[in-house]
Structures are given as structure tokens and as C-alpha cells.
S.K.: 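What follows is a structure written as C-alpha cells; I'll ask about it next.
Chain naming here is simple, since letters A, B, ... match the order of the sequence lines and numbering starts at 1 in each. Just so it is clear, the model here is predicted, and its values are computed rather than measured.
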2 protein chains.
Amino acid sequence: MSTDTEGDGPTTRIQREKHEIILEAALDVFANHGFRGATIDQIAEAAGMSKPNLLYYFRSKEDIHQTLIARLLDNWLAPLRHMSADGDPLEEILDYVRRKIDMARDFPRESRLFANEILQGAPRIMDMLAGPLNELVREKTTIISQWMAEGKLAKADPYHLIFSIWATTQHYADFDVQVRVVLPPEHSGEERFEEAKAFLESMFTRTLTP
Amino acid sequence: MSTDTEGDGPTTRIQREKHEIILEAALDVFANHGFRGATIDQIAEAAGMSKPNLLYYFRSKEDIHQTLIARLLDNWLAPLRHMSADGDPLEEILDYVRRKIDMARDFPRESRLFANEILQGAPRIMDMLAGPLNELVREKTTIISQWMAEGKLAKADPYHLIFSIWATTQHYADFDVQVRVVLPPEHSGEERFEEAKAFLESMFTRTLTP
DNA sequence: CTAACATTTTTCCAATCGGTCAAAAATTCT
DNA sequence: AGAATTTTTGACCGATTGGAAAAATGTTAG
């Protein structure tokens, strides 16, 4: 029978492998061309198989994309979830910044996939934004506000603080091409992520130190 | 349809008007769907004309897009160009931040057009990035470094400072959907730009005050 | 009015798109 | 081994795409 039914039914070794290969290839293509810009042929070629063969494993282009997005969202919120009310306030936030920079370095395609989705109006993830993300942010901004009220952090709008963390960190993945072209040659190696980390640590420390 | 007014130029008047209408419509479509995701039919419909009629004014979809990009780049670099070595260092930078936020509010489609282009690897504006933009940034980072060396600003990497300004300000245009969904209802009106401005002024002031 | 020109519409086309289907090939099961 | 099942392929389809051609419709100058 076909394997593209939803449930985690009996999947063979080949099926699991091919699914992985396809998703890996699709991540590459979707991240660089967006949903509309990507073609099944492109993904199939990147995955080393024919288009009908790919469609044997996934019902449709949407199906692949949705699977990719669903996987992404888990890891995407992890760093923010990790922020704990029990830790040292500044250190918790700096940790969050560092983790996000690491993600921009280690998973740039995932970041661009997400960025593409938001840019196009987030049609496929609006529920997640309005639901889990909204709630998570509300929860964490509450913690941050608490810290500020207790004098452990300088007062600032916690929502815009989070936006600025998202923006600055994801920028190094989403606008990587621009960053690399603009940076002078002696800084355009992989060390730009460590430089960014240092800069952002300093910026947010100054911003949040009471 | 057509016509009104007599013309000063034999053929230029109507053409200029239609060109404007088309570019305005195309900006809307390109910003929301990307280059590949946009169709000539969509643009034509938004411009209130038929596809062949649109193609009478522009040779191709690329032609429209390139015209749009070329126009954008002028205004895009204007705020950074405006930064002067003669002004008060901190105030020059805060001015830049404010102008960029204003642009995110007043020209979000242009920002998303640009973001789309960079996300896709900047194939059509690589020359501009590697040329004029690179040089402009080099020029301004030199000024900033000078200010820091003179003790007028706290020391920080000027390139990453500029990146953080780009990222935080453009975020409010490019990720507008997310920003609106995440912000609590009482903050999701148009005042979010003023809040952002206040937050970013504070952040960059703290970051750059010696 | 009419000729010259500018604009618009109608019709069409080749390429590409996402996706189907039946049959071949490979694999697994007994 | 052979049967049953899974995987792969090739041939094909309808819809959409960017775009061309040319006729039809204004518009304007003489």
C-alpha cells in the first residue's frame, strides 16, 4: 500500500530513509526558492529520484512543505521555551541570544524556510503563530516583566525586546548573502557568528543592566 | 478609457501614467508573493488591465521587477547616506534608526520586496550589494569607528551595529504578520511603530553611550 | 475626413507546472 | 524456487505560465 498516509504505521527502512532524503532535499529547495518558487522536479532531482517516485512517498508538494514546517516549529520554539524564571535574569536572556545565534549558524535553511513563510503572510502557520507562539511569548514576557519589576533588569518593553532578539539573530541566517557581501574579507569567514554573538551579548547586557 | 487631458508630449503622458499604475500594482504582488510566486496575470488584474496590454508597457515580468528594484535601491540607501560625520554621533545613529523605522511603517512593501530578493540569494541585486552598498557601509563604519576611537561612542563592532539596526527595524515590515499576531491586542495598533522606536532608541543609546 | 500613430483586445502558443496511472523492476515473504 | 508486495519508471494529462502576433480600436494631426 502507499506510505503517505498520515499515521505512524509500519514504516520500512527504505521508507524512512527515502522520507529523510526527500525532506532534506526539499528543505534546501524551499529555503532558497520559497514554496511557490520550488518545483517538485527540483526537489526530486536534489533527492536523486524521479518526480513520480517522490510523489510515491509524499502525496503532494504541500504535503512535503507541511511536514517540513511541522518539524521545524518544534525546534524553533525550543530556545525560548528553555528560558526559565528560576535562572539569573540577564544570563537567561543572553543564553537565549546565544542559542538563537547558534541556530542561525547551524540551521540557516530552517530559518529561511520560516522567514519565507512569514514574508508570504504565514498562510500555513497562522494557527501556530496565533496559538502556541502567542501564548509562549506571553508567558515569557510575563517573566521578563516580573524581573524588571523586581529591579533585576532595566525596564524595557519585553515584547520589543524579544522582537529585537529574533530580528538580530535570524538576520545572520536570513540575510546571510548580504552579511557576507558587506563584511570586509577579513571578517567574512565563519567567525562572523562569534563576532555577532559578542556584539549582541554586549548590546543586550547594556540594554538590560539596571 | 484612456484619455483625458491633452498632452504636452505626443506619447509620454499616458505611458508614464500606465507605467506608474503597473509598478504600483506589481509592488503589491511581488512583495506578497515573491518574484516566482507573482504572475503577470495577477499584476495585470491589480493594475486593471489585460496581460497583453501590460506587456505592451513592459517587455517582461523581469523587466517590471528590475525597474521596481532599481527604484527601490535609491530610497533604500538614502537613510544611511544621510548619516553625517559632522553631526552628534549618538544622534546621527538614532536618527538613522528612526528613519528606518519610519520606512518600515511607510514602505513595508518595499522592505518585503527587498527581503524576498535577499532571501532568494539576491540574484538580481548582487552587483549593487557588492558595489555601492558595500562601499557605503565601509564609508559609514569608518565614521563610526572614528567616533568610537575619539571616545564619543562606546566601542562596538560597527558592522554588526549596522546589521542590528537593519535587522531590528526591517523586522517590523518583513515580519509584520508575526509581530501583529504576537503583540497583545492593546498594543497591536499602529502605535507599535512608536513603541518600537522608543525601545530601539533606548537600546542603541545604552549600547553606544561611552 | 483621413492617414499616421498609439493603445487595447483577441487569439494563440510552447514550456512548465503539479499530479496520475499502468506497467516494469526490485524486494520481501512463504 | 515462486507468489505477493513494494518500489521505480515512463508515458501522459489538464491547468497555468510567460509571452508573441495581429487584428481591432482609439487618438491625433493635417
S.K.: Assign the ring pair B:Tyr57 / B:His19 to parallel, tilted or perpendicular, where the plane angle (0 to 90°) is split at 30° and 60°.
M.R.: perpendicular

S.K.: Rounded to the nearest 0.5 Å, what separates atom CD in A:Glu110 from atom CD1 in A:Ile69?
M.R.: 10.5 Å

S.K.: After noting the C-alpha distance and the side-chain angles of A:Val177 and B:Gln120, does the key distance pass the side chain to side chain contact (heavy atoms under 4.5 Å, CB included) rule?
M.R.: CA-CA 9 Å; A:Val177 177; B:Gln120 252 92 81; over 6 Å; no

S.K.: Are B:Ser50 and C:dT8 close enough that a side-chain N or O sits under 4.0 Å from OP1 or OP2?
M.R.: no

S.K.: Over how many whole Å does the gap from B:Leu54 atom CG to C:dT9 atom C1' extend?
M.R.: 14 Å

S.K.: Just the rounded figure in Å: distance from P of C:dG19 to NE2 of A:His65.
M.R.: 13 Å

S.K.: Please report, rounded to the nearest Å, how far the C1' atom of D:dT7 is from the CD1 atom of A:Ile21.
M.R.: 13 Å

S.K.: Relative to the ring of B:Phe30, is the ring of B:His65 parallel (under 30°), tilted (30 to 60°) or perpendicular (over 60°)?
M.R.: perpendicular

S.K.: Check the distance between C:dG19's C1' and A:Asp63's CG and give it to me in whole angstrom.
M.R.: 13 Å

S.K.: Atom CG in B:Asn134, atom CD in B:Glu139: separation rounded to 0.5 Å?
M.R.: 11.5 Å

S.K.: Mind listing the residues from residues 24-42 of chain B sitting with a heavy atom below 4.0 Å of DNA chain C? Number order is fine.
M.R.: B:Arg36

S.K.: I want to check one thing: is the phosphate of D:dT9, taken as OP1 and OP2, less than 4.0 Å away from some side-chain N or O of A:Asn53?
M.R.: yes

S.K.: Would you mind reading off the distance between B:Glu45 atom CD and D:dT17 atom P, rounded to a whole angstrom?
M.R.: 11 Å

S.K.: Taking OH from B:Tyr57 and C1' from D:dG19, how many angstroms apart are they, rounded to a whole number?
M.R.: 18 Å

S.K.: Are B:Ile125 and B:Ile118 packed together at the side-chain level, in the sense that at least one heavy-atom pair is separated by less than 4.5 angstrom?
M.R.: yes

S.K.: B:Tyr56 has a side chain; which of D:dT9, C:dG19, C:dT7 sits nearest to it?
M.R.: C:dT7

S.K.: Name the pairs: protein N/O against N/O of nucleotides 20-26 of chain C, kept only if under 3.5 Å.
M.R.:
none

S.K.: Are OP1 or OP2 of D:dT17 and a side-chain N or O of B:Lys61 less than 4.0 angstrom apart?
M.R.: no

S.K.: Rounded to whole Å, please give me the gap between NZ in A:Lys18 and C1' in D:dT6.
M.R.: 12 Å

S.K.: In whole angstrom, what separates B:Glu62's CD from D:dG18's P?
M.R.: 12 Å

S.K.: Would you list the pairs meeting salt bridge (Lys or Arg N to Asp or Glu O under 4.0 Å) in which at least one residue belongs to residues 71-85 of chain B, sequence neighbours left out?
M.R.: B:Glu20-B:Arg71

S.K.: Is the backbone of A:Arg124 close enough, under 3.5 Å, to the side chain of A:Glu117 for a donor and an acceptor to pair up by distance?
M.R.: yes

S.K.: For D:dT7 and A:Gln15 - does any side-chain N or O of the residue sit under 4.0 Å from the phosphate oxygens OP1/OP2?
M.R.: yes

S.K.: Between atom CZ of B:Arg192 and atom CZ of A:Phe163, what is the distance when rounded to the nearest 0.5 Å?
M.R.: 9.5 Å

